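Below is one structure, written out as structure tokens; the observations come after it.
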Amino acid sequence: MAMRKNSFAKTGLLLRFYLRRDWLKILVWLIGLAGLMAAAAGKFDTLYGDAKSMASISTTLKSPAMVSMFGPFTAAKPYTSAIIYAAEMMVFMGLFTAMMNIYFAVKNSRNEEDNGVAELVSAHAVGRGSQLLAATIEIILINLIIGCVEALGLQASGMTGISANGSWLFGLSLAAFGIMFAAISLLCAQIVSSARSATMLSYGVLGILYVARMATDVKNPDLTWWTIFGWIEKLDVYHDNHWAPLLLMLGFAIIVGAFAFFIAGRRDVGSGILPTARGRRNASLFLAGPFSLLARLERTSTIVWLLGLFLLGASYGSIFGNVGDLMKTNPTMARLIGHAAVASANRVVVLSFASTLTIIFAVVASIPAMMTILRLNTDERKGYLEQLHARGVSRLRIFGTHMLFATLVGTATLVLGIIGMGIAGNATLAHPIDLSRYLRGFVGYWPALFVIIGITALIVSLVPRLQSLAWLLPVYGFFSLYLGELLNLPEWAQKLSPYGWVNQVPLKTIDWSTAGWMTGLGFILIIIAYIIYRHRDLKIN
Amino acid sequence: MAQAVVQISHLQKNFGKFQALKDITFDVHSGEVFGFIGPNGAGKSTTIRALLGILKTNGGQATIFGQDVWKDAVAIHQRIAYVPGDVYLWPNLSGGEAIDLFLKLSGQKHSARTDALIKLFDLDVKKKCRSYSKGNRQKVALIAAFSTAADLYIFDEPTSGLDPLMEEIFQHQVLQLKEAGKSVLLSSHILSEVERMCDRIGIIRAGEIVETGSLADMRKLSRTNITVQTTDALDDIAQLPTVHGFQAAAKIANKASFAVDSEALGTIMTTLSAKHIISLQSTPPTLEDLFMRYYNQEGADGNAQE
């Protein structure tokens with residue numbers, strides 16, 4: 001007993017310190033997540049107040065394309081705004097809650113070890129497991145607080161069909177879902193040996209579970225029980241209000257968390273359980289300059305991104321057969337318009353789904369590109385770039401290298417996502433669509449990707465301390481385009497991010513003039529960013 | 001002396017309101033080892049980073065090989081080798097890869113000399129940089145620098161993580177560079193190292209160069225430590241204006257230690273011999289004495305050499 005007490009000594013002190021250090025970040029996430037939920041809830045009665053719009057949205061939500069993005073719409077009539085709200089928001093909120101948890105879990109466990117802070121702390125009279133326990137308790141508290149605020153926000157919105165039972169189920173289930181992903185992420189942080197790898201592995205797990213739930217939702221929702229992510233779709237909020245999945249999530253979180261603690265107690269600080277391989281004696285011929293260096297450093301993550309986007313595209317493509325089958329999804333309409341018309345209507349449905357997916361690919365493809373650009377600052381601060389600067393490598397070359405690599409990796413991921421979608425989609429379609437038609441989406445959205453690269457570059461050179469702000473771009477883009485249509489966001493709000501400036505490709509034709517000026521804008525932003533970067537101090541440590 | 005490789009005049013650098021460099025002026029001549037010494041936070045690394053064009057200065061001028069350190073950074077960097085005090089390496093590269101990359105970036109190749117240096121510094125190059133200690137990361141940068149054929153070598157506290165054996169190897173390598181006629185700028189606070197290798201020294205304090213010159217010149221300006229025992233009483237010695245830090249021995253009569261301004265050494269000796277010297281020890285001022293004297297200039301003037 002004394003042993004146990006010792007190994008968690010001073011946990012309370014650490015916890016208070018963590019909370020004081022992170023309160024602003026917690027507040028930002030709280031406002032972002034709970035604020036979004038409450039704001040959307042306040043709007044739903046005006047959106048779906050009458051029977052007609054209710055009927056139309058419920059038909060829409062039952063279509064395979066919508067099911068793939070929001071989960072199956074299983075509620076029985078009579079529908080209320082609250083039921084529609086739960087169906088539309090649950091998967092989306094789950095996704096963002098999981099992201100928040102990956103962020104905090106990695107930051108407060110692995111990142112501390114990378115910085116060497118963990119070593120300093122554990123040299124004091126602090127238990128071996130105290131830091132992990134404090135991080136875990138902090139994350140549980142964050143989730144509980146945000147979950148409760150979300151529930152209260154829902155209650156306050158006064159949506160039609162709302163019930164206290166349902167609101168608390170909604171909020172607390174998101175909390176449980178978050179805690180579950182925090183546990184997964186903490187486990188990942190024990191397995192690998194750096195914060196970067198831990199984040200990548202956690203997102204990998206999240207991505208696989210998300211895609212798995214999409215596939216099972218479209219094909220056989222019963223199988224979704226096996227996807228873990230799908231548990232939040234089984235709550236039936238504001239209707240039958242099942243609390244069982246919440247307990248399932250908590251149980252799973254406890255098991256995974258216990259496993260994380262088990263490993264943490266058996267490994268050395270600063271290392272993972274996977275051994276670090278021996279390196280090369282000499283550099284390969286290929287490793288000869290800043291570009292090949294960046295490529296070498298980003299090798300693993302680039303492969304993961306390329307492969308990941310291709311698979312994401314392919315999994316979405318694999319449901320094209322279901323999406324583009326009006327005979328099944330809307331038999332009445334199909335019979336009305338006749339055989340020939342059905343085929344062309346199917347094509348329109350598939351292409352408009354492909355348009356939505358292309359936006360998602362463009363947003364996701366921005367992430368590796370942005371990560372490469374942000375590296376310019378983080379590597380500078382970590383001191384890695386000092387030797388480059390001191391060795392006859394000009395700032396232009398270092399800056400240009402990062403821009404070029406970012407553009408290449410972003411472009412390649414976007415192309416592969418679309419190609420994966422096209423190939424897998426055509427395999428399931430009775431009347432395949434030309435790959436070149438799908439690639440219109442690439443031509444249309446590439447300029448948006450390029451503008452994002454330009455804005456990120458500008459943020460990196462202008463306000464290096466606040467460079468995380470750049471992440472607002474893809475987050476907002478994802479939100480406005482994923483939910484914007486359903487929330488009936490005004491046009492200006494959808495146009496706040498560059499993704500919103502592009503027309504609906506590949507369904508429509510490419511708007512060359514928009515593509516042209518956006519590309520030009522991207523170039524101008526990058527040039528301005530370089531001029532600023534050229535004239536500022538480099539920060540080391 | 002030969003022409004200056006590094007010329008710095010009235011260099012200034014502010015970080016916001018903080019004046020990190022107030023007035024830095026010194027030259028490094030061709031073929032000499034210049035020691036740059038000063039306490040932590042005095043501005044040694046800031047000066048060096050300004051010289052490397054990593055920091056943009058707010059005033060004054062700095063050139064290397066006659067070229068502006070900010071505008072012509074790339075051209076300059078092709079002729080220099082630099083080792084920072086804290087070496088940070090990409091965690092997923094091996095030490096060997098990092099060394100080769102650094103060489104290639106300077107337009108050089110992995111040579112027999114590189115292999116010899118790896119052996120000399122006893123570095124396991126197949127290890128990933130993530131698992132290197134501070135000293136081993138420094139070795140990577142040192143090996144890369146010493147096997148680079150440069151005209152100017154800049155070392156910023158290069159031995160802070162090395163063991164005494166490796167420090168010896170480092171000093172030996174620097175002396176070889178000196179023999180080969182290379183110029184070296186060595187910032188350090190290990191004074192024995194500087195004393196052994198450097199031709200000239202610059203002392204920096206709170207962003208200002210307070211003294212430059214050869215060690216011999218500085219000794220002339222400084223004080224000699226004397227411990228003496230005489231038959232007659234020494235009391236009047238303590239009153240002399242050229243004597244500092246006078247301390248009488250507690251148990252032995254007429255024994256004391258003090259420091260004398262070097263130019264007054266002759267006069268003091270005459271006075272002492274009149275008192276019948278029993279024993280006398282005189283030590284020239286060490287660099288440490290010089291250093292401490294400049295450190296403590298405000299206030300505790302006389303005690304500087306104790």
Side-chain angles (χ1 to χ4, degrees), chain A residues 113-114 116 192-197 268 270-272 275-294 296-301 375 378-398 533-541, chain B residues 13 15 45 48-57 70 73-84 86-108 110 114-115 118 124-131 137 140-141 144-145 148 150 154 156:
Chain A
E113 287 181 48
D114 285 9
V192 294
S193 57
S194 74
R196 225 175 114 78
S197 326
D268 297 334
S271 69
T276 323
R278 301 271 294 169
R280 300 169 56 97
R281 169 172 289 279
N282 292 112
S284 71
L285 272 178
F286 172 73
L287 180 60
F291 188 81
S292 49
L293 171 66
L294 191 58
R296 164 76 173 74
L297 296 172
E298 292 279 334
R299 188 175 61 191
T300 317
S301 70
R375 229 194 140 113
T378 43
D379 282 10
E380 173 187 318
R381 237 174 288 153
K382 284 182 185 162
Y384 299 160
L385 293 185
E386 189 174 11
Q387 283 288 332
L388 252 56
H389 285 298
R391 277 188 185 263
V393 181
S394 66
R395 290 195 187 193
L396 177 61
R397 201 152 151 229
I398 290 180
Y533 180 74
R534 173 78 184 85
H535 287 97
R536 75 166 159 90
D537 284 349
L538 299 173
K539 291 193 178 57
I540 289 147
N541 310 320
Chain B
K13 173 70 193 172
F15 293 115
S45 295
I48 287 176
R49 283 180 181 146
L51 282 180
L52 290 167
I54 288 174
L55 299 179
K56 195 172 188 176
T57 52
W70 177 262
V74 175
I76 293 170
H77 294 180
Q78 274 155 0
R79 296 173 58 194
I80 66 172
Y82 164 60
V83 177
D86 291 303
V87 179
Y88 298 98
L89 301 167
W90 299 275
N92 47 349
L93 290 190
S94 73
E97 281 180 294
I99 291 173
D100 287 2
L101 175 72
F102 289 156
L103 287 172
K104 285 180 191 176
L105 287 173
S106 300
Q108 316 251 330
H110 188 109
T114 316
D115 286 326
I118 291 172
D124 180 358
V125 288
K126 282 175 110 178
K127 261 192 175 177
K128 290 283 173 85
C129 294
R130 124 169 45 254
S131 50
R137 289 200 304 268
V140 168
T148 303
I154 300 178
D156 188 3

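No hydrogens, no waters, no symmetry mates; every other heavy atom, side chains included, goes into these values. Just so it is clear, the structure is predicted and the values come from calculations on it, not from any experiment. Order of the sequence lines sets the chain letters (A, B, ...), proteins ahead of strands, with each chain counted from 1.
- B:V125 has its side chain out of reach of A:N282: every pair of non-hydrogen atoms, C-beta onward, lies at least 4.5 Å apart.
- Taking every heavy atom of both residues into account, A:G392 and B:H77 meet most closely at N-CB, 2.9 Å.
- Residues B:A141 and A:Q387 share a closest heavy-atom pair of CB-NE2, 4.1 Å.
- In this structure, the side chains of A:S193 and B:R130 come closer than 4.5 Å at one or more pairs of heavy atoms.
- Between the side chains of B:Y82 and A:E386, a donor-acceptor pair is found at a separation under 3.5 Å.
- No part of B:T114 comes within reach of chain A, as not one of its non-hydrogen atoms sits under 4.5 angstrom from that chain.
- With a 4.5 angstrom heavy-atom cutoff, A:R534 touches chain B via backbone and side-chain atoms both.
- Residue contact with chain A, scored on non-hydrogen atoms closer than 4.5 Å, is absent for B:A98.
- For a residue to count as touching a neighbouring chain, one of its non-hydrogen atoms must lie under 4.5 Å from one of that chain's; by this rule B:I99 does not touch chain A.
- The closest side-chain donor-acceptor pair between A:R391 and B:S106 falls under 3.5 angstrom.
- By the 4.0 Å N-to-carboxylate-O rule, B:R49 lies too far from A:D537 to be salt-bridged with it.
- In this structure, the side chain to side chain donor-acceptor pair (under 3.5 Å) partners of A:D379, at least two apart in sequence or on a different chain, are A:R375.
- In this structure the side chain of B:V74 never reaches within 4.5 angstrom of the side chain of A:V393, judged on heavy atoms.
- A:L388 approaches B:W90 most closely through the heavy-atom pair CD1-CH2, 3.6 Å.
- For B:L105, the parts lying under 4.5 angstrom from a heavy atom of chain A are both the backbone and the side chain.
- The shortest side-chain heavy-atom distance between A:H389 and B:L52 does not fall under the 4.5 Å cut-off.
- At a threshold of 4.5 Å between non-hydrogen side-chain atoms, the residues A:H535 and B:K56 count as touching.
- Between A:G279 and B:S94, the shortest heavy-atom distance links the atoms CA-CB, 3.8 Å.
- B:L101 has its side chain within reach of A:L293: a pair of non-hydrogen atoms, C-beta onward, lies under 4.5 Å apart.
- A salt bridge links A:R296 with B:E97; the closest basic N to acidic carboxylate O contact falls under 4.0 Å.
- A salt bridge links B:D124 with A:R278; the closest basic N to acidic carboxylate O contact falls under 4.0 Å.
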